[in-house]
Number of protein chains: 2
Amino acid sequence: MISLTEENYLKALFNLANHAGEVNVNELSKQLSIKMPTVTSMMKKLAEKKLVHYESYKPLRLTEKGKKEAGLVIRKHRLTEMFLVDKMGFGWEEVHDIAEQVEHVRSVVFFDKIDELLGFPKIDPHGAPIPDKNGKFAWIAYDKLSDCHAGETVRVSAVIHTSSEFLKFLNNREIRLGTKIKIKSVESFDGSMVVSYDNRSADTLSHTVCERLLVEKE
Amino acid sequence: MISLTEENYLKALFNLANHAGEVNVNELSKQLSIKMPTVTSMMKKLAEKKLVHYESYKPLRLTEKGKKEAGLVIRKHRLTEMFLVDKMGFGWEEVHDIAEQVEHVRSVVFFDKIDELLGFPKIDPHGAPIPDKNGKFAWIAYDKLSDCHAGETVRVSAVIHTSSEFLKFLNNREIRLGTKIKIKSVESFDGSMVVSYDNRSADTLSHTVCERLLVEKE
DNA sequence: CTACGATGTTAGATATACCTAACAAAATGT
DNA sequence: ACATTTTGTTAGGTATATCTAACATCGTAG
Ligand SMILES: [Mn+2]
Ligand SMILES: [Mn+2]
Ligand SMILES: [Mn+2]
Ligand SMILES: [Mn+2]
């Protein structure tokens with residue numbers, strides 16, 4: 001049995017993992033706002049449960065079992081977010097905190113029903129992939145808008161670091177998943193972009209914003 | 001702040017309260033499957049928080065504040081059950097255990113949205129009243145079917161002691177809220193009733209079943 | 001009216017999940 | 001290479017929510 005607390009650690013470990021699947025105690029501690037000694041002792045417990053590979057002073061890695069369990073929690077989180085947006089009428093900026101709680105509900109039928117009512121969605125309201133029932137992710141390779149060039153036309157496919165403030169900013173600019181953006185110019189000075197989309201003919205997006213928008217080239 | 005555990009105690013206290021609003025430690029202990037010493041110490045904590053009137057060896061009583069908080073938890077529980085049945089397609093026998101978890105979600109907008117999507121329902125899928133936003137109940141006086149007499153025609157308005165098994169039994173007999181029942185005869189021997197409803201012309205319902213069905217006379 | 005069974009409390013223990021203070025190891029910069 | 005900073009661990013403590021064993025009180029049946 002994996003506790004609510006353990007589920008949150010697994011999710012954070014998965015989300016922080018680098019290319020090599022490694023996470024430092026310090027990063028995890030900051031992510032969860034839990035002090036390092038507490039994290040260390042939880043890692044020892046998760047290692048006992050074969051969910052994490054733990055060796056003193058070495059980076060943390062999820063085991064295969066740990067990845068699967070993390071995937072299943074993320075699945076519940078993202079299905080919940082999608083349900084809140086598509087079936088209940090919440091904005092994409094409102095759903096994360098609610099999903100953070102609902103993801104811990106223990107009921108297979110509950111999430112199966114959500115999945116079914118949504119028509120077995122593959123992505124959540126922020127464009128992130130929803131893991132399958134085995135906790136497996138179908139990775140999709142998007143580009144950051146900040147890595148694109150003047151003259152290109154792209155479509156917004158996902159947002160990263162989805163704070164409520166950032167999402168409200170996008171709401172104000174009327175940028176959502178699917179918005180088709182033409183890059184008119186890029187300021188080499190600060191990386192900001194002048195773009196056009198929908199009825200807006202010349203909006204400026206800061207580098208900070210462009211880094212957080214994942215796009216597909218047309 | 002009221003913890004998940006405290007919410008469950010408050011709900012149980014409310015549901016067990018007799019005419020005088022009193023509950024014994026022993027009853028509460030059995031209801032929650034938690035040993036008496038644990039219950040005693042939790043009652044002291046709830047008394048500190050002004051949610052329960054506690055005196056050694058006296059029956060437990062919720063304070064006004066305690067009743068309000070209990071009402072609010074029951075509100076969340078029953079709104080959840082109604083949503084699961086009406087909007088998600090679960091059967092009334094499936095929803096209690098899921099609601100037992102979802103009721104602890106801390107989000108005013110979440111339950112407000114559920115309430116709105118349901119059209120501000122007054123009763124849950126088992127016919128129990130849904131408290132208002134101040135935790136106040138609108139009590140409705142129903143009769144037990146077992147207190148009715150041969151020749152009377154009644155409509156099923158609520159079910160009590162809503163175990164999954166009992167609700168599945170009612171599903172098999174095609175008895176639901178709103179079913180109009182004619183009492184053809186009552187066995188004085190064991191209190192069982194011969195009734196007709198819908199297409200069924202002579203079904204027998206045991207006293208145990210009749211006690212658990214709340215009805216309105218036509 | 002008292003003895004006994006039921007009910008309730010106290011005392012002390014355990015598990016989980018968190019903390020701070022102190023110490024140890026690793027990484028970094030001059 | 002060594003001092004300093006950053007990262008990580010150990011030791012020991014707290015709060016919550018549970019338990020069992022022992023003791024106390026209550027209610028009632030004889
Ligand atoms: Mn989220
Ligand atoms: Mn969470
Ligand atoms: Mn219920
Ligand atoms: Mn509950």
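Chain letters run A, B, ... following the sequence lines, proteins first, then strands; residues in each count from 1.
Between A/Tyr9 and B/Pro37, the one whose closest nucleotide on DNA chain C sits nearer the 5' end is B/Pro37. Heavy-atom nearest nucleotides on DNA chain C were determined for A/Glu6 and for A/Tyr57, and the one closer to the 5' end corresponds to A/Glu6.
Residues B/Asn8 and B/His104 meet the side-chain proximity criterion, which asks for heavy atoms closer than 4.5 Å. Considering only heavy atoms from C-beta on, B/Val73 stays 4.5 Å or farther from B/Phe14 through its side chain.
Candidate nucleotides C/dT9, D/dT9, C/dA17 were compared by shortest atom distance to the side chain of B/Tyr54, and C/dT9 ranks first. Taking every side-chain heavy atom of B/Lys30 into account, C/dT7 is the closest of D/dT16, C/dT7, C/dA25.
At distances below 3.5 Å, not a single donor-acceptor pair connects side-chain atoms of B/Ser192 with backbone N or O atoms of B/Leu205. Side-chain N or O atoms of A/Thr63 include one that pairs as donor or acceptor with a backbone N or O of A/Leu51 at under 3.5 Å.
With rounding to whole Å, A/Glu7 atom CD is found 15 Å from C/dT16 atom C1'. Atom NZ of B/Lys45 is separated from atom P of D/dA15 by 12 Å (rounded to the nearest Å). Nucleotide C/dG5 holds its C1' atom 12 Å from the CE atom of B/Met36, rounded to whole Å. Rounded to an integer number of Å, the gap from CE of A/Met42 to P of C/dC19 is 11 Å. Summarising the geometry, the separation between CD on A/Glu55 and C1' on C/dA25 is reported as 15 Å, rounded to the nearest angstrom. Between A/Lys44 atom NZ and C/dT16 atom P there is a gap of 15 Å when expressed in whole angstrom units. For A/Glu48 and C/dT16, the CD to P distance is 11 Å, given to the nearest whole Å. Rounded to whole Å, atom C1' of D/dT6 lies 13 Å from atom CD of A/Glu27.
When heavy atoms are screened at a 4.0 angstrom cut-off, B/Ser29 is found touching no nucleic acid atom at all. Contact annotation for B/Lys58: no contact, since no heavy-atom pair falls under 4.0 Å across all strands. Contact annotation for A/Thr38: base contact, defined as any heavy-atom pair under 4.0 Å involving a base atom.
Regarding contacts with the backbone of D/dT16, every side-chain N or O of B/Thr5 stays at 4.0 angstrom or more from both OP1 and OP2. OP1 and OP2 of C/dA21 both lie 4.0 Å or more from every side-chain N or O belonging to A/Lys35.
Summarising the local packing, NZ of B/Lys65 is surrounded by more than 12 heavy atoms from other residues, nucleotides or ligands at distances under 6.0 Å.
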